[in-house]
Student: 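Please see the structure below; I have some questions.
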Protein chains: 2
Amino acid sequence: MEALKPPDTTRAQSRARWKQDPEGVRSNILAVALTEFAENGLSGARIDEIAAKTRTSKRMIYYYFGDKDGLYRKVLEEAYREVRAGEEELQLDHLEPAEALRRLAEFTFDHHRRNPNFIRLVMIENIHHGAYLAHSDLIRQLNETAISRVEAIYRKGVTSGIFRDDLTPLAIHWQISALSFFNVSNRMSFSLLFGEELYSEDGQERLRAQAAEMVVRYVTALKQALR
Amino acid sequence: MEALKPPDTTRAQSRARWKQDPEGVRSNILAVALTEFAENGLSGARIDEIAAKTRTSKRMIYYYFGDKDGLYRKVLEEAYREVRAGEEELQLDHLEPAEALRRLAEFTFDHHRRNPNFIRLVMIENIHHGAYLAHSDLIRQLNETAISRVEAIYRKGVTSGIFRDDLTPLAIHWQISALSFFNVSNRMSFSLLFGEELYSEDGQERLRAQAAEMVVRYVTALKQALR
DNA sequence: TGACAAATTAACCAAATGGTACATAACTGC
DNA sequence: GCAGTTATGTACCATTTGGTTAATTTGTCA
């Protein structure tokens, strides 16, 4: 009943000639795994599937990442790193606070929109009660940057009297995040239930402007509202 | 090599005496499955695990629901049904529009907060691109109710001149949903990254009031803002 | 009361899935 | 050009997992 195995010559031939490329292999695996995890969740993603879409073999995944959890963890960090890279540019210091806040909200909105895979990973993390998120300094650091950006703007606005003074940077960040995140995370249910109009180019532009205006209006001191 | 099986007497004894209870079994399975799916996702939930937490056996799951997908679908609908039951009470007709809108926003915020399992299922649905959501009339119906509620209030407010007239009920619903949904869906990542303060009783009350105020301010016509 | 349908149990199964053992080719430093 | 280390491919394995088979009990109705 033993299946015939191809003679050694064939085998040797098929595996002969290849170049070593540790970094390439590693990053190739990460890239594939990122989309697979984002697409299917932690338990939904299949190692075999990931391996198949890789230019190498399953063996390499375990060689570099140990096990599925290890791979997932690295994917999370990689995703954060990528997202972070796209966040550097923003320069708001020279703007007056209201305009700076509007820009920040719009930027966040766009930024989330540009990184749906990342959003999906965060969703997945939340479903898993953030078990992995909790242990990443990198990630904590990234979010603190976000907060300080809000804080700088908010301070300036309060000082100059155009912002109300009873809010916290954390709450403002929360609100901006909520509107930007939800836009991506719940896209499917919303468009399935209410049609695509909110997610056309026009619709998105409107939502973006509305979200930003909402935040700015909210933070603006009432006596300033009619200026 | 055949394992000894207990004699028929024992076996007959152990399985003897039970009452039929189709509805009980069915709903028991649904309840267990609801929390399991909400907790672990579609692929993360294990049929064996669900069965174990049930007062019946795995076989019954297949007997009543066909397969895992079938079970999941019914769970989704069941969750919607439950959530919907909690939505009936709200009576806003007698209030003036701004107050009605505030109440609606607060209600939605609370309602989402009270139904975390449901929120989690919607998150899971979105990760799966809403494949199941898409086919449920029940669910579509439920959301249309939500929209019409917003619409009624918004119309009244525009007519009486205290609301601006350049918005759509859909967008307003979207904003209320975003703030309410995010509060539950991203709770873990937020409290892990920024501490529990936003999720203490006080913090939640503040977020709730802020979300509602945000919406009301946004919808209010500017010339009305200082009245 | 007995036959037929519905409900339920216990044991079993094939495929999928995460993970490994082993052999060997490529690279590195001497 | 060779010894030792790193990287890689192939084949394989144990367990988990969704799903099924077959038997048995309970309920129903002519």
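Quick note on labels: first sequence line is chain A, next is B, and so on, each numbered from 1. As a basis for the values below, the full set of heavy atoms in this structure was taken, side chains included, without hydrogen atoms, waters or symmetry mates.
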Student: Using a 4.0 Å heavy-atom cut-off across all strands, classify A:Arg46 as base, sugar-phosphate, or nothing.
Tutor: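 Since only primed, P, OP1 and OP2 atoms lie under 4.0 Å of A:Arg46, the category is sugar-phosphate.
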Student: Measure from CD on A:Glu23 to C1' on C:dC27 and round the result to the nearest Å.
Tutor: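 These atoms are roughly 16 Å apart.
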Student: Under 4.0 Å between a side-chain N or O of B:Thr56 and OP1 or OP2 of C:dT8?
Tutor: no
Student: Ring centres under 6.0 Å, that's the criterion: do B:Tyr218 and A:Tyr218 meet it?
Tutor: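 Ring centres of A:Tyr218 and B:Tyr218 not closer than 6.0 Å.
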Student: Any idea which of C:dT8, D:dT21, C:dG19 is nearest the B:Met60 side chain?
Tutor: C:dT8
Student: Which of these nucleotides, C:dG18, D:dG9, D:dG19, is closest to any side-chain atom of B:Lys58?
Tutor: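 Minimum distance to the B:Lys58 side chain belongs to D:dG19.
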Student: Mind calculating the distance between OH (A:Tyr64) and C1' (C:dG19) to the nearest angstrom?
Tutor: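 Those two atoms, OH and C1', are 18 Å apart.
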Student: Calculate the interatomic distance between A:Asp67 atom CG and D:dT15 atom P; express it in whole Å.
Tutor: 18 Å
Student: Step through it carefully: locate the ring centre of A:Phe190, locate the ring centre of A:Phe182, and say whether they are under 6.0 Å apart.
Tutor: yes
Student: Nearest to the side chain of B:Asp48, which nucleotide is it out of D:dG18, C:dT9, C:dG19?
Tutor: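 Nearest nucleotide to the side chain: D:dG18.
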Student: Once you apply a heavy-atom cut-off of 4.0 Å, does A:Phe65 come out as touching a base, just sugar-phosphate, or nothing?
Tutor: nothing
Student: Distance check needed: D:dA14 P versus A:Ile47 CD1, whole Å only.
Tutor: 20 Å
Student: Salt bridge or not for B:Glu213 and B:Arg206, using N-O below 4.0 Å?
Tutor: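 Salt bridge: no.
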Student: Dump the pairs, protein N or O against N or O of nucleotides 4-6 of chain D, anything under 3.5 Å, distances to one decimal.
Tutor:
unit_1 : atom_1 : unit_2  : atom_2 : d
D:dT6  : O2     : A:Gln20 : OE1    : 3.4

Student: Run the side-chain hydrogen bond (donor to acceptor under 3.5 Å, both in side chains) test on A:Asn115 and A:Glu82 for me, step by step, so that the C-alpha distance in whole Å, both residues' side-chain angles and the decisive distance to 0.1 Å come before the verdict.
Tutor: CA-CA 9 Å; A:Asn115 293 280; A:Glu82 278 176 26; over 6 Å; no
Student: If the threshold is 4.0 Å, N to carboxylate O, is there a salt bridge linking B:Arg73 and B:Glu77?
Tutor: no
Student: A:Tyr62 OH to D:dA11 P: how many Å, rounded?
Tutor: 18 Å
Student: Does B:Arg59 contact D:dT21 through a side-chain donor or acceptor facing the base, at a distance under 3.5 Å?
Tutor: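 It does, because a donor-acceptor pair links the side chain of B:Arg59 to the base of D:dT21 below 3.5 Å.
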Student: For A:His112 and A:Phe118, I'd like to know if the aromatic rings sit close, meaning centre-to-centre distance below 6.0 Å.
Tutor: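 Between A:Phe118 and A:His112, which both carry aromatic rings, the centre distance is not below 6.0 Å.
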Student: Can you check the B:Asn40 CG to D:dT17 P distance for me, whole Å?
Tutor: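 From B:Asn40 CG to D:dT17 P: 11 Å.
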Student: Rounded off to whole Å, could you give me the CD1-to-C1' distance for the A:Ile50 and C:dG19 pair?
Tutor: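 Going from CD1 in A:Ile50 over to C1' in C:dG19 covers 14 Å.
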Student: Any salt bridge linking B:Glu36 with B:Lys53? Criterion: basic side-chain nitrogen under 4.0 Å from a carboxylate oxygen.
Tutor: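 A salt bridge is present here (some side-chain N lies under 4.0 Å from a carboxylate O).
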Student: Under 4.0 Å between any heavy atoms, over every strand shown, what does A:Ala51 touch: base, sugar-phosphate, or nothing? Just pick one.
Tutor: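 Result for A:Ala51 = nothing.
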Student: Taking atom P of D:dT20 as reference, at what distance in whole Å does atom CD1 of B:Ile61 sit?
Tutor: 13 Å
